[in-house]
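Encoded as structure tokens, the structure appears first; notes follow it.
Position 1 is the first residue of the sequence; numbering continues from there.
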Amino acid sequence: MSSFYILTMPRGFDRERTNIHKLQYHFIWCPKYRKSVLTGEVRNRLEELIEEKSDELGLEILELAIRPDHVLLFVTGDPTLAPNKIMQQVKGYSSRRLRDEFDFGLPSLWTRSYFVSSAGDVSSEVIEEYINAQAGE
């Protein structure tokens, strides 16, 4: 008789027809030349635009902080949308809209770069233990 190791899924995971997931991403990006242009009306409008695009993409915003010279965004999403596509959509949409509404005097609003890291509730030790158990070790 074979033994089975069952990894209990904690609450908070999203379940779909073919997968169970909990993908959380922490993004940071900044305006070109790290100019402090994200204040006042620009800040408020950027918050609206990020919320609009997140809703459209099916992302849940866990935290959003807009500083004068950078943006911090913590979201949860599904496995069909890669982090680079999230950034492409959020930065592209917000840049187009903000540049139509405000004059920044910049060649483009955002730098091409960004920071991303993933976060989750399962430690690497738990994953290793699960894989070892499945391999019969």
Side-chain angles (χ1 to χ4, degrees):
M1 180 172 242
S2 63
S3 64
F4 291 98
Y5 179 84
I6 298 174
L7 179 64
T8 305
M9 290 294 168
R11 291 180 187 212
F13 279 71
D14 293 316
R15 299 176 193 284
E16 296 183 22
R17 194 169 77 80
T18 59
N19 64 65
I20 299 170
H21 62 274
K22 183 173 189 176
L23 294 173
Q24 297 175 325
Y25 301 111
H26 174 216
F27 294 102
I28 303 172
W29 70 97
C30 57
K32 196 83 165 171
Y33 310 121
R34 195 120 188 199
K35 294 282 187 176
S36 295
V37 296
L38 308 176
T39 60
E41 291 181 45
V42 173
R43 183 204 173 284
N44 296 337
R45 185 64 176 129
L46 176 57
E47 184 173 353
E48 291 172 2
L49 294 171
I50 291 172
E51 289 172 357
E52 286 174 16
K53 184 51 74 170
S54 294
D55 286 344
E56 180 184 315
L57 295 173
L59 303 172
E60 178 186 352
I61 296 175
L62 303 173
E63 293 290 333
L64 172 61
I66 301 172
R67 303 291 184 246
D69 65 347
H70 64 284
V71 180
L72 301 103
L73 176 64
F74 187 39
V75 295
T76 185
D78 68 59
T80 63
L81 195 56
N84 67 312
K85 296 300 181 188
I86 294 170
M87 274 291 87
Q88 181 182 41
Q89 291 288 313
V90 171
K91 287 172 66 177
Y93 178 69
S94 61
S95 178
R96 281 188 300 278
R97 300 293 299 270
L98 288 174
R99 288 171 60 80
D100 285 346
E101 298 172 26
F102 302 95
D103 179 23
F104 297 104
L106 296 171
S108 59
L109 179 56
W110 305 120
T111 63
R112 293 182 64 206
S113 60
Y114 61 90
F115 167 85
V116 62
S117 70
S118 58
D121 291 339
V122 180
S123 69
S124 59
E125 291 82 16
V126 169
I127 294 169
E128 289 172 14
E129 182 181 325
Y130 175 76
I131 292 171
N132 289 337
Q134 293 299 309
E137 294 181 7

> Is the shortest heavy-atom distance from the side chain of Tyr25 to the side chain of Leu73 under 4.5 Å?
Replying inline: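 When only atoms from C-beta onward are counted, Leu73 and Tyr25 do not touch, as no gap falls below 4.5 Å.
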>> With heavy-atom distances below 4.5 Å as the criterion, would you say the side chains of Leu109 and Val37 are in contact?
In response: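 Contact flag for Leu109/Val37 side chains = yes.
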> Between Phe27 and Trp29, what is the ring plane arrangement, given parallel below 30°, perpendicular above 60°, and tilted in between?
Replying inline: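 Geometry flag for Trp29 against Phe27: perpendicular rings.
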>> With a 4.5 Å cut-off on side-chain heavy-atom distances among I, L, V, M, F, W and Y, is there a chain of contacts connecting Ile28 to Leu23?
In response: no
How many angstroms lie between [atom1] in [X] and [atom2] in [Y], if you round to the nearest 0.5 Å?
X	Y	atom1	atom2	value
Glu51	Glu47	CD	CD	5.0 Å
Thr39	Asn44	OG1	CG	9.5 Å
Arg43	Glu48	CZ	CD	10.5 Å
Leu49	Lys53	CG	NZ	10.0 Å
Met87	Arg112	CE	CZ	15.0 Å
Ile50	Gln89	CD1	CD	13.5 Å

Going by atom type alone, with no hydrogens or angles, which donor-acceptor pairs under 3.5 Å involve a side-chain atom of residues 57-71 and a protein atom two or more places apart or on another chain?
{"residue": "Asp69", "atom": "OD2", "partner": "Arg34", "partner atom": "NE", "Å": "3.2"}
{"residue": "His70", "atom": "ND1", "partner": "Arg34", "partner atom": "NH2", "Å": "3.3"}

Can you list, pair by pair, the side-chain donor-acceptor contacts under 3.5 Å of residues 94-105, counting residues two or more places apart and other chains?
{"residue": "Ser94", "atom": "OG", "partner": "Val90", "partner atom": "O", "Å": "2.8"}
{"residue": "Ser94", "atom": "OG", "partner": "Lys91", "partner atom": "O", "Å": "3.3"}
{"residue": "Ser94", "atom": "OG", "partner": "Trp110", "partner atom": "NE1", "Å": "3.1"}
{"residue": "Arg96", "atom": "NH1", "partner": "Gly92", "partner atom": "O", "Å": "3.2"}
{"residue": "Arg97", "atom": "NH1", "partner": "Tyr93", "partner atom": "OH", "Å": "2.9"}
{"residue": "Arg99", "atom": "NH1", "partner": "Leu106", "partner atom": "O", "Å": "3.1"}
{"residue": "Arg99", "atom": "NH2", "partner": "Pro107", "partner atom": "O", "Å": "3.4"}
{"residue": "Glu101", "atom": "OE1", "partner": "Arg45", "partner atom": "NE", "Å": "2.9"}
{"residue": "Glu101", "atom": "OE2", "partner": "Arg45", "partner atom": "NE", "Å": "3.2"}
{"residue": "Glu101", "atom": "OE2", "partner": "Arg45", "partner atom": "NH2", "Å": "3.1"}
{"residue": "Asp103", "atom": "OD1", "partner": "Gly105", "partner atom": "N", "Å": "3.3"}

